[in-house]
Amino acid sequence: MVKHIEISDSDLRIKIKNAEICFGGNQKLKIYGTLKCSSGKRMKRENRVFFSSEIDAKQNGFRPCGHCMKSEYQKWKNGLI
């Protein structure tokens, strides 16, 4: 997990281009999603974190985004209820 406030924009772009970062998340809400998610693009920089994989996000206690990852979110939701 990489916090957005701890990485420079140029390093972030390089890591995304090299596929070292594939998912973004909200640290306060514990939600992760794709980098193209409109919900994720609106969050504050200090709340944003990045992950290399879904496994990394799940290991850190994050759940899938209901907006950009609908099927994964439904699986998560149904597993909890």
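The first residue in the sequence is number 1, and the count goes up from there. These values consider heavy atoms only, across backbone and side chains, with no hydrogens, waters or symmetry-generated copies.
Checked against the 6.0 Å centroid criterion, the rings of F62 and F23 do not qualify as a close aromatic pair.
Atoms OG and NZ, on S52 and K15 in that order, are 10.0 Å from each other to the nearest 0.5 Å. To the nearest 0.5 Å, atom CG of residue L12 and atom CG of residue L35 are 8.0 Å apart. To the nearest 0.5 Å, the span separating CD1 on I21 from CG on D11 amounts to 9.5 Å. Between the CG atom of D56 and the SG atom of C22 there is a distance of 10.0 Å, given to the nearest 0.5 Å. Distance check: I55 CD1 to N60 CG gives 12.5 Å after rounding to the nearest 0.5 Å. With values rounded to the nearest 0.5 angstrom, C68 atom SG is found 11.0 Å from K41 atom NZ.
Here the closest heavy-atom approach between residue G66 and residue Y73 is recorded as CA-CG, 3.6 Å. In terms of heavy-atom proximity, C37 sits nearest to C65 at SG-SG, 3.9 Å. In this structure, R45 and I7 approach most closely via the heavy-atom pair NH2-O, 3.7 Å. Of all heavy-atom pairs between G61 and K30, the closest is O-CB, 3.8 Å.
In the displayed structure, K3 atom NZ is contacted under 6.0 Å by at most 12 heavy atoms of other residues, nucleotides or ligands.
M69 and M1 fall within a single hydrophobic cluster, where Ile, Leu, Val, Met, Phe, Trp and Tyr are joined by side-chain heavy atoms under 4.5 Å apart, directly or via other members.
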Exercise for the section: Run the numbers on Q27 and E46 for side-chain contact (heavy atoms from CB on, under 4.5 Å), then give the verdict. Expected result: CA-CA 8 Å; Q27 187 174 354; E46 59 265 17; over 6 Å; no

Exercise for the section: Check the pair H67, S38 against side-chain contact (heavy atoms from CB on, under 4.5 Å), reporting the backbone distance first and the verdict last. Expected result: CA-CA 8 Å; H67 180 78; S38 59; 3.2 Å; yes

Exercise for the section: Report the C-alpha distance between Y32 and R63 in whole Å, list the side-chain angles of each, state the deciding distance to 0.1 Å, and finish with yes or no for side-chain contact (heavy atoms from CB on, under 4.5 Å). Expected result: CA-CA 6 Å; Y32 75 93; R63 70 159 176 86; 5.5 Å; no

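Judged by distance alone, the side chain of R48 and the main-chain N or O of M43 form a donor-acceptor pair under 3.5 Å.
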